[in-house]
Amino acid sequence: MTQDFGRRTFFGGAAALAAAGLLDHVPGTRLGTANAQTARTGTLKIALLGLDTSDPHRHTGSISVQQVYAEALTSIADDGKAIPYLAESWTISPDGKVYTFKIRQGVKFHNGRELTAADVKANAERVRDLRRGWLAAPMQLVSGFAAPDARTFVMEMKEPYGPLLNVLSELWIVAPESPGWAATVQTPIATGPFKFGTWVPNERLLAPAHDAYWQAGLPKVAAVEFNLRDTVDYTLALRAGDLHIARATADQIPVLKADPNIELQFMKDTSWIFWSFNNRKPRAPFDNVKVREAIAYAMDKPALLKVWSGDTGVATNQMAAPGNFYWDEALHKADKHAKPDRAKALAMLKAEGVDPSRTPLRIVSWQNDYSQACAQTMRELGFQVEHLALDDIGAQRRLGQYDWDLAPFGSGPRADIFLRFVRLLSDGPNTGLWGSPQDAAFDDLVKKAVAAVDLGQRRALYLQAWRHAMDNYWTVVIGHSAEAIANRRDVSGWTPGFTWGSARVDGGAGYASLIRGS
Amino acid sequence: MIRALGVPLLRQIGLICAIVIAVFLLIRVVPGDVVDVMATEGDMTAAEVAELRAELGLDRPVPEQLALWLTRMAQGDLGMSLRFERPVAQMIEYAIPTTLALAAKSLAIGLLLGVGIASAATIWPRGPAAWLVDFVNLWSIAIPTFCVGLAAILVFAIGLGWMKVLGNGFVPAIVIGIDIAGQIVKPLHEELKEASAAPYVRAAKARGESPARIVLAHLLPNAAPVAIALSGLILAGLIGGTLTMEVLFGLPGLGTLALQAIQGRDYPVIQAAILLFAVAIILVNAATDLLQRLLDPRLRR
């Protein structure tokens with residue numbers, strides 16, 4: 001199988017369109033005289049997520065900021081597919097094991113040096129050796145890297161790894177001469193539309209424009225300033241005009257909608273909302289799949305979804321949202337729990353010999369309304385509910401103790417569906433939210449899906465694995481909702497992407513400009 | 001005098017040590033540590049979590065961690081932030097000026113308002129100042145600074161567009177200043193009223209001195225020990241006020257630093273920030289004690 005976005009072919013057809021100015025948002029078409037742009041004005045002020053480290057290879061969830069200064073081989077398009085970024089094209093060997101990337105020519109690091117395949121190789125090796133972060137697992141499957149010439153980077157895998165192109169969108173390419181490369185990179189010298197600039201942890205990152213950026217005409221503002229304070233209500237600052245772009249929670253949406261100066265947009269991937277049973281060490285009677293099914297019948301999906309996300313959610317029974325390639329309509333239509341059926345829930349519990357009034361049920365959750373509503377559902381069924389509503393970190397620790405029965409949670413966007421499936425694998429990362437099922441059959445199906453070279457076959461295997469999870473009632477999905485990101489109307493050209501990333505090849509901070517006077 | 005000051009000072013130093021050790025232990029009772037933070041955000045496997053916890057020394061027994069931290073502290077080393085891999089001293093150094101500036105401005109506004117209103121109410125007992133004493137006092141008792149700050153943002157920043165929210169150091173100082181004024185104005189006014197009946201005030205009146213001069217030149221200096229004795233109230237108002245205002249207005253001070261460190265379980269930063277707060281309180285108390293002794297000869301006996 002090959003997937004080749006050959007540069008000649010790509011630009012051959014693109015030339016006429018470019019002349020007509022129709023390719024402004026097609027990735028890679030802005031390559032040209034980097035400095036041939038209009039004067040950049042203004043500082044774009046953004047507040048999305050925090051930044052924990054200046055070293056892009058050590059990132060632990062700092063997934064919204066570093067995209068403005070560091071780029072990757074691939075970028076995630078709005079439909080979730082990997083598209084060319086620092087790699088202008090790639091081919092995959094028929095056995096799905098060898099990925100050959102053609103590195104884009106004319107890409108300059110912030111220090112003026114041109115990017116080569118050797119730089120990409122050095123970054124891949126560093127990430128592999130650090131053994132940390134989201135790329136740790138795929139890097140264990142790599143049998144070798146090579147840079148046969150300045151523009152070719154080859155990645156050979158021990159076995160086919162379907163999510164590779166998508167997860168490579170988070171392998172940030174940094175110049176090996178960046179200070180701290182041997183330990184922790186302090187000042188990343190990369191290729192993004194903005195330079196690393198000045199970072200004050202928990203407060204701000206000021207990133208000035210990269211004058212020699214490879215996409216001509218970008219960036220459009222002189223600098224971008226990220227507000228990194230965890231504790232501030234960003235929407236107040238947004239409405240007051242201190243910020244141009246800020247994340248918004250569901251309860252803030254009605255106020256923002258009413259403000260004529262504010263525009264609401266949504267991320268392209270969704271968060272999925274669910275409740276999980278303790279699958280690692282289930283206590284009786286919750287070790288009985290029929291009891292778990294009975295409890296699922298009591299769940300009022302539309303109501304719970306409204307509590308989580310207001311009117312912006314969509315109820316379903318899968319980890320992929322409606323419209324996503326991996327979502328299955330037939331499975332959705334066959335959802336037995338689309339509407340609550342409390343009578344059936346009680347009858348099933350009785351049939352299994354469970355008297356809720358004599359059954360303790362411990363819930364671990366975050367401190368939010370959704371978990372309160374879930375706990376109330378259980379109380380109405382009659383269970384002796386003990387609800388431990390903890391902060392993020394407290395919940396994380398408690399989940400890992402597996403001394404609970406039910407965990408209502410949600411999880412945010414990911415660059416690839418595999419990064420959701422991986423959380424249910426026996427040796428997966430951070431599995432507490434899904435009760436850590438240890439199931440060889442599920443593991444096998446997911447591993448087969450990952451190794452499937454054919455996309456249709458991969459989808460079928462993922463669906464089979466998900467059906468297996470559903471049949472066992474490990475995790476019951478309530479639905480999906482997209483994260484809202486609000487911007488002031490004096491910002492032009494800004495659109496949120498598939499994940500939290502604030503910049504990408506075809507959108508984000510690099511494309512945003514400020515209307516004069518703002 | 002030295003002995004009189006030395007014993008309480010030793011007691012205070014002992015108190016600082018107790019506070020610091022209590023914080024060290026209490027923060028470890030709170031579920032979760034910085035590795036849980038990273039694992040939550042970064043999808044780490046159980047093996048990676050264990051490896052990182054060992055790397056950061058968080059898997060060692062708590063007494064061992066405490067001994068290590070105290071040894072470093074004795075050498076003046078506040079350690080490194082577990083979350084940001086930066087020297088804690090650098091982070092504290094960055095936060096202090098913001099908090100000090102806010103506290104100084106708030107204190108100045110609070111004293112100016114409190115002393116001013118109390119003085120005016122003494123000079124003109126039937127004027128609007130007498131009403132203001134009760135109003136400001138009730139304001140500070142009834143309305144939390146957080147609500148006043150939020151209302152100020154909604155009205156002046158969002159409604160009228162007169163000010164910015166993030167980094168605004170002026171409005172928070174007014175909010176805290178009114179709160180401080182409300183706490184000191186009532187007892188100060190009572191003290192001034194009571195002192196108005198003293199023989200030296202009657203003598204001043206007999207000499208034909210104006211009411212304003214009597215208050216400013218005679219009553220206020222004599223009421224100064226009372227104002228200083230209220231420093232406990234002022235300090236509490238300042239610490240509580242700066243913390244909430246820093247968070248509300250996004251000011252990068254010690255309060256914000258401590259709060260974010262608690263949320264992120266960044267132990268060395270939490271310990272250093274609490275230590276600093278404790279030292280500040282002890283120092284202010286010691287300074288108050290000293291000032292009171294200097295101003296009131298009766299306390300020196």
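Predicted, not measured: the structure shown is a model, and the values here were computed from it.
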Taking the side chain as C-beta and beyond, is there a heavy-atom pair between A/Pro201 and B/Arg86 under 4.5 Å?
yes
Give a yes or no on whether the backbone of A/Ile393 and the side-chain of B/Asp36 come within a donor-acceptor separation of less than 3.5 Å.
no
Take atom CZ of B/Phe146 as the centre, draw a 6.0 Å sphere, and report whether it contains more than 12 heavy atoms from other residues, nucleotides or ligands.
no
Taking side chain as everything from C-beta outward and backbone as N, CA, C, O, which of these in B/Phe156 sits under 4.5 Å from a heavy atom of chain A? Side chain, backbone, both or neither.
neither
Which bit of A/Leu243 comes within less than 4.5 Å of chain B, counting heavy atoms only: side chain, backbone, both or neither?
side chain
Between B/Ile158 and A/Ala240, what is the shortest heavy-atom contact and its length?
CG1-N, 3.9 Å
Can you tell me which portion of A/Arg239 sits under 4.5 Å from chain B's heavy atoms? Options are side chain, backbone, both or neither.
both
Report which part of B/Gln263 has an atom under 4.5 Å of a heavy atom belonging to chain A: side chain, backbone, both, or neither.
both
Does the side chain of A/Leu236 reach to within under 4.5 Å of the side chain of B/Leu154, using non-hydrogen atoms?
yes
Heavy-atom count around A/Gln367 CD within 6.0 Å, excluding the residue itself: above 12?
yes
Would you say that more than 12 heavy atoms from the other residues, nucleotides or ligands in this model lie under 6.0 Å from the CZ of B/Arg60, or not?
no
Considering only heavy atoms and a distance below 4.5 Å, find which of B/Met163, B/Gln260, B/Glu246, B/Lys164 pairs most often with chain A.
B/Gln260
If you count heavy-atom pairs within less than 4.5 Å of chain B, which of A/Val200, A/Asp427, A/Asp233 leads?
A/Val200
On a heavy-atom basis, the closest approach of B/Pro252 and A/Arg229 is CD-NH2, 4.2 Å
Heavy atoms only: give me the nearest A/Asn202-B/Phe84 pair and the separation to one decimal.
OD1-CZ, 3.5 Å
Taking the side chain as every heavy atom from C-beta outward, state whether B/Leu166 and A/Lys45 have any pair of such atoms under 4.5 Å apart.
no
Considering only heavy atoms, which portion of B/Leu259 lies under 4.5 Å from any heavy atom of chain A: side chain, backbone, both, or neither?
side chain
Does B/Arg265 form a side-chain contact (heavy atoms from CB on, under 4.5 Å) with A/Asp391? I'd like the steps, not just the answer.
CA-CA 11 Å; B/Arg265 308 293 197 271; A/Asp391 72 353; 3.0 Å; yes
